[in-house]
Number of protein chains: 2
Amino acid sequence: MTKKAAATWRMTDALAAKLVSFEGKVRTRRFAEGEQLYRQDEINTCFYFIKSGLVQVSIFRRDGTEVVLENMGPNALCGEGSAFDGLPRFSTAVAVEPTEALEFDTTRIESLLRADPELALAMLRLTSLKQRILALRLEHLVSNDPEDRILELLRRLSQMFAIDHERGRKIITHLTHEQIASMTGTSRVTVTRTMGRLREKGMLFIEDGFTILANDEDSEEN
Amino acid sequence: MTKKAAATWRMTDALAAKLVSFEGKVRTRRFAEGEQLYRQDEINTCFYFIKSGLVQVSIFRRDGTEVVLENMGPNALCGEGSAFDGLPRFSTAVAVEPTEALEFDTTRIESLLRADPELALAMLRLTSLKQRILALRLEHLVSNDPEDRILELLRRLSQMFAIDHERGRKIITHLTHEQIASMTGTSRVTVTRTMGRLREKGMLFIEDGFTILANDEDSEEN
DNA sequence: TGAGCGCTGTATCGCCGGATACGACCGGGT
DNA sequence: ACCCGGTCGTATCCGGCGATACAGCGCTCA
């Protein structure tokens, strides 16, 4: 049950534009803090484009632990996976802030696609991006080295939510060690230990509570 | 460098039908054993629908280890992720058997989508399925328990490639422990140990070299 | 038929991450 | 000021996985 957090995912404005253009043509919904957009195991055909707010998408495992997939902020799309394949949702989405979203329904989207082939392309590009992120997370999760797992997350955040800084990239998204732990499949203690090590190595700095990831001059990741 | 293996992924015939119908309208390509369909880090816009043969999709990590994402058999789609988002491929696809595939090009697919909105839906459904599989793998990879990781793989295979058997589901796909290890991020020894434990618990049987996964009406695991 | 190879089953050992516990710090609320 | 909840830092202990090595076994092929 992680608490309020900043977004860990978003898309480029160009991609979002296509979805935004449907405002008015589809239902706009508001979710209060704590309200669920959809719940694991249920079947339905809606997916959401988030206009404002913050939605946490996570999987609850059988042993009770929670795996946070992503914190979706403005311009993110969520729920499209299970909306299209008609199978029970594999994740739960909860608004952790008051959220406004466009609700698309796949049972009605066929007509939209017919009318606007660009929408199909935009959707495919979006799901492709998600596929990429998932695959990259997978790549680093197979490793049992926590440093590897945590760096992968930080690098992704540094790409998506960071601003340049004299010593690297300042990551605006603030995550507690607990949250990082639940996203990387490690323990809170290990996150603390590992980030301490990274700091000693000069790969990481903390300033005003923000994490600064040093540019990896040593290699050419991503 | 895992060797020849059986498929670990496929889609339902209904979904495949739409793609198959494009035979003749798009290029058909043949790949010899060992030939690459695409390579990690390169950029191009093609994706493939496999008609026959077997393609191994894997990620080569910086430390040199290989993560096998999937062995794609007939009726599988691969490469669509990086084909659509225009970023460097995150995986490498190699034919491990002589393979015949339909080659789609995203730069030309727009016209196809326009002409046939059903194609867009089929593609979205397909990528959704892939997203689901990736997310489920993720869910189990965050766990450091090898039993968890390995069971997830076996359950997936049991759903996709197994036939009923008096003691459970007989998994046709034959994988060596080494291959299972590289798909689950564990060591070969651990796979052997873990599967031994599962056998003792009666959750697993080996017969004629095939793995039989007991139906989990026994519900309680770990 | 025998040699060689790949796969499976074990054993030993070192290491490191999880569990647990506790203290320091910071901020908000009464 | 005081308390309190949340977060970060650190110590200890234990279990189990990875690395490595080796033995038995069933192939294939000469």
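A note on names: the letters A, B, ... follow the listed sequences, proteins ahead of strands, and every chain is numbered from 1. All values below were derived from every heavy atom in this structure, side-chain atoms included, with hydrogens, water molecules and symmetry-related copies excluded.
- Between B:Ser187 and D:dC17 there is no side-chain polar atom (N or O) within less than 4.0 angstrom of OP1 or OP2.
- Legend: ring pair (Phe, Tyr, Trp, His ring centres under 6.0 Å) pairs involving residues 183-207 of chain B, not counting sequence neighbours: none detected.
- Classified by interplanar angle (parallel below 30°, tilted 30° to 60°, perpendicular above 60°), the ring pair A:Tyr48/A:Phe31 is perpendicular.
- As a whole-Å value, the separation of A:Ile180 CD1 from D:dT7 P is 12 Å.
- A salt bridge does not link B:Glu70 with B:Lys130: every distance from a Lys NZ or Arg NE/NH1/NH2 to an Asp or Glu carboxylate oxygen is 4.0 Å or more.
- C:dT8 atom P lies 17 Å from atom CD of B:Glu207, rounded to whole Å.
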Under 4.0 Å protein heavy-atom contacts per nucleotide of nucleotides 9-14 of chain C, with B for base, S for backbone only and - for none
BBBB--

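- Taking B:Asn44 as the reference, B:Glu42, B:Arg89 meet the side-chain hydrogen bond (donor to acceptor under 3.5 Å, both in side chains) condition, with sequence neighbours excluded.
- Under the 3.5 Å distance criterion, the side-chain polar atoms of B:Arg137 are matched with a main-chain donor or acceptor of B:Met183.
- Listed by chain and residue number, nothing satisfies the ring-ring contact (aromatic ring centres under 6.0 Å, His included) test with A:Phe49 (two or more places apart in sequence, or in another chain).
- Applying the side-chain hydrogen bond (donor to acceptor under 3.5 Å, both in side chains) rule to A:Thr65 yields the partners A:Asp63; only residues at least two apart in sequence or on another chain are considered.
- Rounded to an integer number of Å, the gap from CG of B:Asp145 to C1' of C:dG17 is 14 Å.
- Remark: C1' of D:dG26 and NE2 of B:His174 are 12 Å apart, rounded to the nearest angstrom.
- Atom CG in B:Leu204 sits about 14 Å away from atom C1' in C:dT8, given to the nearest Å.
- Just one residue in the list B:Thr190, B:Thr192, B:Thr186 forms a side-chain hydrogen bond (donor to acceptor under 3.5 Å, both in side chains) with B:His177, and that residue is B:Thr192.
- Between A:Lys51 and A:Glu23 there is a salt bridge, since a side-chain N of the basic residue sits under 4.0 Å from a carboxylate O of the acidic one.
- Picking from D:dC17, D:dG18, C:dG18 the nucleotide with the shortest atom distance to the side chain of B:Thr186 gives D:dG18.
- Rounded to 10°, the helix from C:dT1-D:dA30 to C:dT30-D:dA1 has 30° between the axis fitted to its first five pairs and the one fitted to its last five.
- In terms of phosphate contacts, B:Asn144 brings a side-chain nitrogen or oxygen within less than 4.0 Å of OP1 or OP2 of C:dG18.
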